[in-house]
**Q** 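One structure, as structure tokens, below. Some questions next.
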Amino acid sequence: MPWRNGAGTTTVVAEGSFDAAGGSGGASGADGVSDADGADGADGAGGASDADGASDADGAGGASHADGADGAGGADHAGQSSEPAWRISIATIDRSAPFSEFAGVDRLLMPLSPAGLDLVVDGGRVRGEAFDVLPFAGESAVEAVDVRGTGLDLNLMTRRGAAVGTLVAQDLDGELTLGSPSAASSDRTSAWTVAVVLEGRVVSLAHGPFVVHDAVVVPPGGALQVTGRAAVIALAVIEPTRAS
């Protein structure tokens, strides 16, 4: 779908929300493949992008709908609980261009291409190498600069006040249980976990082999074991905002 500002397009990997109690509110994915435990959700083998590496995917503007009413599930509707609280997308950047503005949204951007990505955020230059994570607010004035070829980036957008998220690139050479507690958090009962294959070979007994840019979504309380060989995955964990 086009970016809100018309400067590019984006492919949505997955999006979701939380119910009033902080639990799963459901998720959807690009191709509607079932999630890890068979409940409502999206996932992977074939799932979030084309097997050739999502050459048609994109979105430094991340998650915008063609009609402009969105952004991590509705930056224009931040007060509406029916809007998704989070969204993950893959973007193609083929020229220097400004990003769309998403008020009320927090963004994490991971360049996927070897050339990395140079941004100007609120007047300051920021350099992101491949698989670095660049955080910025959706309200910030952001522009991709000095773009000399076509590259991809992965976006995690969370609606402020509804969700918070983390995004890291993780080496995988062996087994990993997605959705299980990690050193960063002892509780995953209310968290969505999304893994996107960036390099190498990843398989699961439930879904078989994944190719680069395939994704798997594990809903709150779920778990899925995957095995990687010389692989790198982008691992996103999204939790409901906790009341203080």
Side-chain angles (χ1 to χ4, degrees), residues 1-15 29-30 44 47-65 70-73 75 86-102 105-122 124-158 165-170 194-200 210-215 217 231-238:
M1 58 185 69
W3 297 3
R4 173 180 292 182
N5 66 8
T9 59
T10 191
T11 292
V12 175
V13 174
E15 59 185 19
S49 62
D50 295 326
D52 64 2
S55 60
D56 63 344
D58 130 289
S64 60
H65 293 306
D70 94 278
W86 59 270
R87 178 173 288 143
I88 293 175
S89 63
I90 293 179
T92 299
I93 299 179
D94 57 9
R95 63 188 184 278
S96 298
F99 286 13
S100 303
E101 179 181 342
F102 292 103
V105 170
D106 291 319
R107 299 189 57 176
L108 298 173
L109 184 149
M110 178 186 290
L112 300 184
S113 303
L117 184 64
D118 288 288
L119 302 178
V120 173
V121 180
D122 291 332
R125 193 177 181 104
V126 179
R127 170 67 183 170
E129 303 294 343
F131 305 161
D132 285 348
V133 177
L134 306 177
F136 52 91
E139 299 89 346
S140 292
V142 183
E143 184 176 3
V145 295
D146 296 335
V147 177
R148 295 182 175 85
T150 299
L152 300 177
D153 65 67
L154 183 72
N155 295 269
L156 169 60
M157 305 175 74
T158 53
T166 60
L167 179 65
V168 297
Q170 179 170 324
V194 182
V196 181
V197 179
L198 303 181
E199 290 182 354
F210 298 98
V211 299
V212 169
H213 298 162
D214 273 352
V217 174
V232 181
I233 61 172
L235 186 62
V237 176
I238 308 102

**Q** Taking atom types as modelled, find out whether Asp106 and Thr158 have a side-chain donor-acceptor pair closer than 3.5 angstrom.
**A**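 There is no such pair between these side chains.
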**Q** Could you pull out the closest heavy-atom pair between Asp132 and Pro111, with the gap in Å?
**A**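 In terms of heavy atoms, the two residues are closest at O-CD, 3.3 Å.
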**Q** Under the criterion side-chain contact (heavy atoms from CB on, under 4.5 Å), I'd like the reasoning laid out for Val142 against Arg107: C-alpha separation, chi angles, the key distance, then a yes or no.
**A** CA-CA 11 Å; Val142 183; Arg107 299 189 57 176; over 6 Å; no
**Q** Does the Thr150 side chain pair with the main chain of Asp94, one donor and one acceptor, at a distance under 3.5 Å?
**A** no
**Q** To the nearest 0.5 angstrom, please state how far the CZ atom of Arg127 sits from the CG atom of Leu119.
**A**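 Between atom CZ of Arg127 and atom CG of Leu119 there are 9.5 Å.
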**Q** If you look at every heavy atom in Ser113 and Gly151, which pair is closest and at what distance?
**A**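 So the two residues come closest at OG-CA, 3.2 Å.
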**Q** Could you check whether any side-chain N or O of Thr10 sits under 3.5 Å from a backbone N or O of Ala91, counting only pairs where one atom can act as donor and the other as acceptor?
**A** no
**Q** Could you pull out the closest heavy-atom pair between Leu167 and Val133, with the gap in Å?
**A** O-CG2, 3.2 Å
**Q** Starting at CG of Leu108, measure out to CG of Asp153 and round the result to the nearest 0.5 Å.
**A** 12.0 Å
**Q** Among Asp214, Asn155, Ile90, Val217, exactly one meets side-chain contact (heavy atoms from CB on, under 4.5 Å) together with Val13. Which residue is that?
**A**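 It is Ile90; the other options fail the test.
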**Q** Return the CZ to CD1 distance between Arg87 and Ile238, rounded to the nearest 0.5 Å.
**A**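 Nearest 0.5 Å value for the CZ-CD1 distance: 12.5 Å.
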**Q** Phe99 vs Val121, test: side-chain contact (heavy atoms from CB on, under 4.5 Å). Steps then yes/no.
**A** CA-CA 10 Å; Phe99 286 13; Val121 180; over 6 Å; no
**Q** State, to 0.1 Å, how close Asp146 and Ser96 come at their nearest heavy-atom pair, and which atoms those are.
**A** N-OG, 3.1 Å
**Q** Could you walk me through whether Val194 and Leu156 satisfy the side-chain contact (heavy atoms from CB on, under 4.5 Å) test, starting with their C-alpha distance in whole Å, then the side-chain angles of each, then the deciding distance to 0.1 Å, before giving a yes or no?
**A** CA-CA 10 Å; Val194 182; Leu156 169 60; over 6 Å; no
**Q** Which pair of heavy atoms, one from Ala169 and one from Phe131, lies closest together, and at what distance?
**A**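 Nearest heavy atoms, Ala169 then Phe131: CB-CB, 3.7 Å.
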**Q** Which of these, Val145, Val147, Val126, sits in a side-chain contact (heavy atoms from CB on, under 4.5 Å) with Asp118?
**A**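 Single side-chain contact (heavy atoms from CB on, under 4.5 Å) partner of Asp118 among Val145, Val147, Val126: Val145.
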**Q** Looking only at non-hydrogen atoms, find the nearest pair between Pro114 and Ala130 and report the distance.
**A**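 Looks like CA-CB, 4.2 Å.
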**Q** Tell me, with the steps shown, if Leu112 and Met110 meet side-chain contact (heavy atoms from CB on, under 4.5 Å).
**A** CA-CA 6 Å; Leu112 300 184; Met110 178 186 290; 4.0 Å; yes
